Amino acid sequence: IKEKHDALKLTIKVGSILKGRGHTIVYTRTTDVYESPNAKAKEGNASGAAFFASFHRNSNDDKDANGYETLVYANSGKPKMCADPANNNIPSIGFKNRGTKIRTEMAELNGTTMPAVLFENGFISNKNDNTLFDSKFDMIAEGLADAIEAAVGKGSGNSSSGSSTSSGNKTISTGSTPSYKVGN
């Protein structure tokens, strides 16, 4: 199991859900390429997006560490409006809710000019969290899309053609850039 694969899969799924709800989605990556957190923040800023969402899986040498958490630069405004519903949805999925953590040193949070949230979707180093991630994947993606909409507002409606319809709400979704080594 590699974080970069899980995070990209989740990024694409949440983006697809939001696109279907009428949001314009800009991805920092849609394939298995590495981009630094600083590069992702710069891309987000250049896109003119109104919100930046980053999708990750957590890790720890302690195999018992588990749960979901939301990381923000400041727990206020749109990041809080996104983090609170995301955290509230987690117990129904089965993850331990580790809450919202303030992280001021992360480029994806402090390098963006728009509000930003980083979602840590369970511990990739925990067998139970991996089972939850795989078995509840669609619920996780729907819950995160709902949480993002809580911050940016509803889109312009359903897009049945699969094309994007601008609602005035732009969301940028990003994959993962692990700061730790997991797997092989």
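No experiment lies behind these values; they were computed from the predicted model shown. Below, all heavy atoms of this structure are taken into account, side chains as well, without hydrogens, waters or symmetry copies.
Residues Ile17 and Phe51 are members of separate hydrophobic clusters, defined by side-chain heavy-atom contacts under 4.5 angstrom among Ile, Leu, Val, Met, Phe, Trp and Tyr. A single hydrophobic cluster is not seen to contain both Leu10 and Leu118; linkage of ILVMFWY side chains at heavy-atom distances under 4.5 Å, directly or through other members, places them apart. Leu71 is connected to Tyr73 through a chain of hydrophobic side-chain contacts under 4.5 Å among Ile, Leu, Val, Met, Phe, Trp and Tyr, so both are in one cluster. Clustering ILVMFWY residues whenever any of their side-chain heavy atoms sit less than 4.5 angstrom apart, transitively, puts Phe119 in the very cluster that holds Leu18. Tracing side-chain contacts under 4.5 Å through hydrophobic residues (I, L, V, M, F, W, Y), one reaches Leu132 starting from Met139; they form part of the same cluster.
Counting only heavy atoms from C-beta outward, the side chains of Asn97 and Asn87 approach each other to under 4.5 Å. Residues Glu35 and Glu43 meet the side-chain proximity criterion, which asks for heavy atoms closer than 4.5 Å.
Ion pair Arg21/Glu142 flagged as a salt bridge, since at least one NZ, NE, NH1 or NH2 atom sits closer than 4.0 Å to an Asp/Glu carboxylate oxygen.
Crowding of Lys127 atom NZ: a count of heavy atoms from other residues, nucleotides or ligands under 6.0 Å not exceeding 12. Within 6.0 Å of CG on Asp61 lie no more than 12 heavy atoms contributed by other residues, nucleotides or ligands.
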- Begin from the C-alpha positions of Met114 and Lys78 and carry the test side chain to side chain contact (heavy atoms under 4.5 Å, CB included) through to its verdict. CA-CA 9 Å; Met114 74 288 291; Lys78 287 185 179 185; over 6 Å; no
- Message: Could you go through Ile12 and Tyr27, starting from their C-alpha distance and side-chain angles, then the distance that decides it, and tell me whether this counts as side chain to side chain contact (heavy atoms under 4.5 Å, CB included)?
- Response: CA-CA 8 Å; Ile12 299 298; Tyr27 297 99; 4.0 Å; yes
- Message: If you apply the rule side chain to side chain contact (heavy atoms under 4.5 Å, CB included), what do you find for Ile140 with Phe95, and how did you get there?
- Response: CA-CA 10 Å; Ile140 295 166; Phe95 284 113; 3.6 Å; yes
- Message: Between Tyr34 and Lys4, is the side chain to side chain contact (heavy atoms under 4.5 Å, CB included) condition met? List the steps.
- Response: CA-CA 9 Å; Tyr34 174 78; Lys4 66 181 184 172; over 6 Å; no
- Message: Run the side-chain hydrogen bond (donor to acceptor under 3.5 Å, both in side chains) test on Ser54 and Glu108 for me, step by step, so that the C-alpha distance in whole Å, both residues' side-chain angles and the decisive distance to 0.1 Å come before the verdict.
- Response: CA-CA 7 Å; Ser54 186; Glu108 291 163 301; 3.1 Å; yes
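No donor-acceptor pair closer than 3.5 Å links the side chain of Glu69 to the backbone N or O of Arg98. Asp64 places no side-chain N or O within 3.5 Å of a backbone atom of Asp62 that could act as its donor or acceptor partner. Here the side chain of Asn58 pairs no donor or acceptor atom with the backbone of Gly122 at under 3.5 angstrom.
Atom-to-atom distance recorded for Thr112:OG1 and Lys42:NZ is 13.5 Å, nearest 0.5 angstrom. The NE2 atom of His56 sits 6.5 Å away from atom CD of Glu120, with the distance rounded to the nearest 0.5 Å. Ile25 CD1 to Thr11 OG1: the interatomic distance, rounded to the nearest 0.5 Å, is 11.0 Å.
Counting all heavy atoms, side chain and backbone alike, Ala53 lies closest to Ile148 at CB-CD1, 3.8 Å. Heavy-atom minimum distance, Tyr68 versus Ala86: OH-CB, 3.4 Å. Residues Val33 and Arg29 share a closest heavy-atom pair of O-CD, 3.5 Å. What you find for Asp6 and Ile1 is that their closest heavy atoms are OD2-CG2, 3.6 Å. Of all heavy-atom pairs spanning Thr100 and Val72, the tightest one is CG2-CG2, 3.6 Å. Between Ile124 and Lys2 the shortest heavy-atom distance is CD1-C, 3.5 Å.
For the pair Lys13 and Phe137, the NZ or CZ position fails the cation-pi test of under 6.0 Å to the six-membered ring centre and within 45 degrees of the ring normal.
Across Asn130, Asn121, Asp129, a single residue satisfies side chain to side chain donor-acceptor pair (under 3.5 Å) together with Arg57, and that is Asn130.
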